[in-house]
**Student:** 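Mind having a look at this structure? Questions to follow.
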Amino acid sequence: RKQPMSGLVTIMMALEHFKGYDVLIHGFDDKTAVEGKKHYFDDMHDVYDPSRGLNVGHYFEGESDYINSLITRKILKRVVE
């Protein structure tokens, strides 16, 4: 069963808890799986290599698309330097 990343869970909690306020993200790494990592700070490795037991059940691409859709719909804002 796919489990959402903790970052996405936190974003959704913030959107629910702070209704009526701007919810901002900064430095959120939404390219982790594309880079072949499980977390932005990990060494490079293939997250889908079954021999390493690292397929943690996240749907990285779908979660990234969902976060970007929240930004496009102005439900979530990304702080850009």
Side-chain angles (χ1 to χ4, degrees):
R1 173 178 155 181
K2 300 288 184 190
Q3 297 293 320
M5 295 181 294
S6 60
L8 180 59
V9 172
T10 304
I11 288 170
M12 298 311 296
M13 184 266 329
L15 289 171
E16 179 65 27
H17 186 74
F18 298 106
K19 285 184 179 178
Y21 294 89
D22 289 341
V23 176
L24 311 169
I25 59 173
H26 179 266
F28 192 84
D29 184 7
D30 62 352
K31 302 293 183 234
T32 301
V34 174
E35 296 168 347
K37 301 185 293 181
K38 188 163 67 168
H39 301 101
Y40 72 91
F41 50 80
D42 287 338
D43 291 334
M44 298 298 281
H45 63 267
D46 183 359
V47 295
Y48 299 109
D49 180 356
S51 69
R52 297 187 60 177
L54 296 173
N55 189 347
V56 295
H58 297 313
Y59 179 34
F60 293 107
E61 184 178 356
E63 292 181 30
S64 177
D65 290 346
Y66 180 66
I67 290 168
N68 287 324
S69 78
L70 292 174
I71 293 168
T72 299
R73 293 182 290 150
K74 301 187 185 320
I75 295 170
L76 181 67
K77 296 182 179 181
R78 183 184 302 268
V79 176
V80 181
E81 294 180 0

**Student:** Spell out, yes or no, whether Ile71 and Met12 are grouped together once hydrophobic residues are joined by side-chain heavy atoms under 4.5 Å, including indirect joins.
**Tutor:** yes
**Student:** Let me confirm one number: the CZ-CG distance from Arg78 to Leu70, rounded to the nearest 0.5 Å.
**Tutor:** 10.5 Å
**Student:** Could I get the full list of side-chain hydrogen bond (donor to acceptor under 3.5 Å, both in side chains) partners for Lys19, not counting sequence neighbours?
**Tutor:** Glu16
**Student:** Nearest 0.5 Å, what's the CG-CD1 distance between Leu76 and Ile11?
**Tutor:** 5.5 Å
**Student:** Determine the minimum heavy-atom distance between Ile67 and Ile25, stating which atoms define it.
**Tutor:** CG2-CD1, 4.1 Å
**Student:** My understanding is that only residues two or more places apart in sequence, or in another chain, count here; which of them pass side-chain contact (heavy atoms from CB on, under 4.5 Å) with Leu24?
**Tutor:** Asp22, Lys77, Val79
**Student:** Quick one: do Leu8 and Ile75 end up in the same hydrophobic cluster if we chain Ile, Leu, Val, Met, Phe, Trp and Tyr together by side-chain heavy atoms under 4.5 Å apart?
**Tutor:** yes
